[in-house]
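Before any comments, here is the structure.
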Amino acid sequence: MPEGPIIVILKEEVDALHLVGKKVLRISGTNTIDDDRIIGQKVLAIKTYGKNFLICFEYFTLRVHLMMFGTYAINQRKETKLQLSLQFEDAELNFYTTSLKIIDEDLDDVYDWKSDIMAEAWDPKAALKKIQAKPKALAADVILDQNIFTGAGNIIKNEVLYRVKIHPLSRVGAIPVEKLKELIKEVRNYSFDFLKWKKAKVLTKNFKIYEHKPGDDKIKGWVKEPLGKGKRITYYNPETQIKYE
DNA sequence: GGGCTTGTTACTGT
DNA sequence: TACAGTAACAAGCC
């Protein structure tokens, strides 16, 4: 269930519980993290970094990553195997199928907030620099690169490339700088559309190319292919998306 | 029931 | 040694 905007929604829901200053009273679940370190700790802040959900305590941070199939439930439980339950005096946070990690370092030393597509600190100039440093990379791979666009995922990749009319197999070094800037801007723009639409439960309705299906012939000549490093499914329209190479 | 998928990491081999 | 490529892992939907 991830991609940056969804983690922002998770944070908003957790913020509504006003956990800052509250202590973790109990922990349960199948996780292998050290319960004793967390029990009794006071929450200092709730943050997000791309697809990472962060619960900050005094001496460390608990990082929750939902990976591909992770889910959560607030003040209720699901049928499936409970991985981590953090219980507070009057609230409960439950996570399923996540990747958990304790971060001992200062977050500012570990994360570059400027690369988080959802963050206030987002800096398009930094993204441009990083892209220009790897001219041979493909447009499809660059958007998924978490060091450049922290929080972008496969949906964002497909929709953004379609919007800016760039072929996924374009070499970024061949894309004119102004066009690259447009791409970078649109990653941010679309992510906020994603956030808005997800909240209104109309995200999938607004997919322009992602999950395009046969018979759904609004886009003539569209294709679906596994492309790029991770061979992630890519939907695109070779007739309108220009291949820079 | 097999084949997919909003993701990442640890291996492998060149 | 660095890198690209692959396997592995997870759960739920069709």
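Sequence lines set the chain letters: A, B, ... in the order given, protein chains first and strands last, and positions in each chain run from 1.
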Base, sugar-phosphate or nothing for A:Lys224? Non-hydrogen atoms, less than 4.0 Å.
sugar-phosphate

Figure out the CG/C1' separation between A:Leu144 and B:dT8, and round it to whole Å.
12 Å

For A:Pro5, does its backbone N or O pair with a side-chain atom of A:Ser191 as donor and acceptor, under 3.5 Å?
no

Taking atom C1' of C:dC13 as reference, at what distance in whole Å does atom CE of A:Met68 sit?
14 Å

With a cut-off of less than 4.0 Å, is there a side-chain N or O of A:Arg232 near OP1 or OP2 of B:dT5?
no

Euclidean distance, atom CG of residue A:Leu66 to atom C1' of B:dT6 [Å, nearest integer]
10 Å

Side chain proximity check, A:Asn52 to A:Tyr111, heavy atoms < 4.5 angstrom
yes

Residue A:Ile233, side-chain atoms from C-beta onward, closest of B:dT5, C:dT6, B:dG7
B:dT5

Under 4.0 Å, counting only non-hydrogen atoms across every strand here, what does A:Tyr96 touch: a base, just sugar-phosphate, or nothing?
nothing

Among B:dG7, C:dA11, C:dA4, which nucleotide has an atom closest to any side-chain atom of A:Asn154?
B:dG7

Nearest of B:dG7, B:dT5, B:dT6 to any side-chain atom of A:Lys51?
B:dG7

Integer angstrom distance from the P of B:dG3 to that of C:dA7
15 Å

Taking 4.0 Å as the cut-off, does a side-chain nitrogen or oxygen of A:His65 come that near to OP1 or OP2 on B:dG7?
no

Just compare B:dG7, C:dG12, B:dT8 and give me whichever is closest to any side-chain atom of A:Gln146.
B:dT8

Between atom CE in A:Met67 and atom P in B:dT6, what is the gap in whole Å?
13 Å

Take the protein atom CZ of A:Phe69 and the nucleotide atom P of B:dT8, then report the distance between them rounded to whole Å.
12 Å

Interatomic distance, A:Tyr49 OH vs B:dT8 P [rounded to whole Å]
11 Å

Without swapping roles, check the side chain of A:Lys179 against the backbone of A:Val164 for a donor-acceptor pair under 3.5 Å.
yes

No-hydrogen, no-angle side-chain donor-acceptor test under 3.5 Å, A:Asp116 and A:Thr150:
no

Audit row: A:Thr240, A:Tyr162, side chain to side chain donor-acceptor pair (under 3.5 Å) steps and yes/no:
CA-CA 8 Å; A:Thr240 58; A:Tyr162 180 72; 5.4 Å; no

Across every strand shown, the nucleotide meeting Watson-Crick or G-U wobble geometry with C:dC3 (both distances under 3.5 Å) is B:dG13

Rounded to whole Å, the CE-P distance (A:Met118 to B:dT6) equals 19 Å

Measure from the side chain of A:Ile6, starting at C-beta and using heavy atoms only, and say which of B:dT6, C:dA10, C:dG12 lies closest.
B:dT6

A:Tyr210 side chain: which of B:dT8, C:dA10, B:dT6 is closest?
B:dT6

Rounded to the Å, how far apart are A:Lys229 NZ and B:dT12 P?
20 Å

Counting only side-chain nitrogens and oxygens, does A:Ser99 get under 4.0 Å of the OP1 or OP2 atom of B:dG7?
no

Could you tell me whether the side chains of A:Ser99 and A:Arg63 share a donor-acceptor contact shorter than 3.5 Å?
yes

Once you apply a heavy-atom cut-off of 4.0 Å, does A:Thr98 come out as touching a base, just sugar-phosphate, or nothing?
nothing

Within the 4.0 Å heavy-atom criterion, would you say A:Ile156 contacts the bases, only the backbone, or no part of the nucleic acid?
nothing

